[in-house]
Amino acid sequence: MTNPGEMKFELIVDGWDWTYEDSILVLQFTVTESAHGELQGEGDPSAFHKTGTKFQFENGYFEYEETALAANNSLEVKASYGEGIGMEAGESIYLSFENFGDETLEYDPILGIESSTSTGFVPDTMTLALIGGAVLVLLLVIVIVKKR
């Protein structure tokens, strides 16, 4: 619980049937935006980009390690991103693992939410206009009451 906004999850692949000796395993993680309570996202996440080993989007992120374990051997992990393949909408993160033979692959990526640095809300232009109008009306009422 060093970072309460993070969830480290474990991927275990056991008994993978390799078609070719020189093939790789690629896992796809699809990232979409959805409103609270929706079962499936319908839009691409905003501000999706990669910095180092972290894919960032809105206030969330997906972080990966550059190595995985298979029978106490380190395997190189490569990562990329792009439009989802197949019926998946949104951006996708692709993690590729070199052939680990008959061993069990163990891997721990991280899914997280950035903590907000501001304590209040940031109003939009319409909200600012409404607040400004309300303050102006309030000042006019005070001036009129004081003149009576």
Side-chain angles (χ1 to χ4, degrees), residues 1-140:
M1 291 301 290
T2 56
N3 279 329
E6 285 187 352
M7 177 182 75
K8 192 173 205 176
F9 60 99
E10 187 170 32
L11 295 171
I12 298 176
V13 179
D14 187 18
W16 184 256
D17 187 21
W18 298 94
T19 304
Y20 305 104
E21 285 294 315
D22 61 348
S23 60
I24 61 173
L25 173 65
V26 178
L27 300 178
Q28 175 185 351
F29 299 88
T30 302
V31 181
T32 60
E33 282 187 5
S34 65
H36 183 71
E38 285 185 13
L39 295 178
Q40 185 164 346
E42 295 181 3
D44 290 347
S46 301
F48 194 99
H49 65 282
K50 181 182 178 196
T51 305
T53 59
K54 187 184 279 189
F55 295 93
Q56 295 176 288
F57 40 89
E58 286 287 329
N59 63 332
Y61 60 92
F62 181 100
E63 191 168 4
Y64 70 97
E65 293 290 326
E66 294 178 308
T67 57
L69 285 178
N72 295 324
N73 295 319
S74 289
L75 300 174
E76 185 177 21
V77 178
K78 298 281 188 170
S80 64
Y81 68 99
E83 188 175 319
I85 295 175
M87 296 178 59
E88 302 295 330
E91 291 285 342
S92 287
I93 298 168
Y94 301 96
L95 298 179
S96 65
F97 304 87
E98 58 186 290
N99 190 319
F100 46 91
D102 293 334
E103 303 300 331
T104 300
L105 173 74
E106 296 179 20
Y107 189 66
D108 298 322
I110 296 171
L111 190 58
I113 298 173
E114 298 284 344
S115 61
S116 178
T117 55
S118 64
T119 58
F121 75 99
V122 178
D124 62 353
T125 307
M126 180 61 88
T127 304
L128 285 174
L130 289 172
I131 292 171
V135 170
L136 183 60
V137 169
L138 183 61
L139 288 173
L140 285 173

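- Distance check, rounded to the nearest 0.5 Å: OH of Y107 to CG of L75 gives 11.0 Å.
- F29 is linked by a ring pair (Phe, Tyr, Trp, His ring centres under 6.0 Å) to F62, counting only residues two or more places apart in sequence or in another chain.
- Here the CD1-CG distance, from I24 to L95, works out to 11.0 Å after rounding to the nearest 0.5 Å.
- Considering only residues two or more places apart in sequence or on other chains, S74 meets the side-chain contact (heavy atoms from CB on, under 4.5 Å) condition with L69.
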Can you list the steps and then say if F100 with N73 is a side-chain contact (heavy atoms from CB on, under 4.5 Å)? CA-CA 9 Å; F100 46 91; N73 295 319; over 6 Å; no
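- Considering only heavy atoms from C-beta on, Y94 comes within 4.5 Å of S92 through its side chain.
- Shown here are the salt bridge (Lys or Arg N to Asp or Glu O under 4.0 Å) partners of K50, two or more places apart in sequence or in another chain: there are none.
- Residues in residues 54-82 take part in these salt bridge (Lys or Arg N to Asp or Glu O under 4.0 Å) pairs, two or more places apart or across chains: K54-E114, E76-K78.
- Checked against N99 for a side chain to side chain contact (heavy atoms under 4.5 Å, CB included), the options W16, W18, Y20 give a single hit: W18.
- Note on residues 6-15: pairs passing side-chain hydrogen bond (donor to acceptor under 3.5 Å, both in side chains), not counting sequence neighbours, are N3-E6, E6-Y61, D14-T104.
- With a 6.0 Å radius and a threshold of 12 heavy atoms from other residues, nucleotides or ligands, D108 has its CG atom above the threshold.
- Atom CG of L11 sits about 9.5 Å away from atom CG of L25, to the nearest 0.5 Å.
- The aromatic rings of F48 and Y81 sit tilted relative to each other, their planes meeting at an angle between 30° and 60°.
- For T67, the side-chain contact (heavy atoms from CB on, under 4.5 Å) criterion is met by no residue, not counting sequence neighbours.
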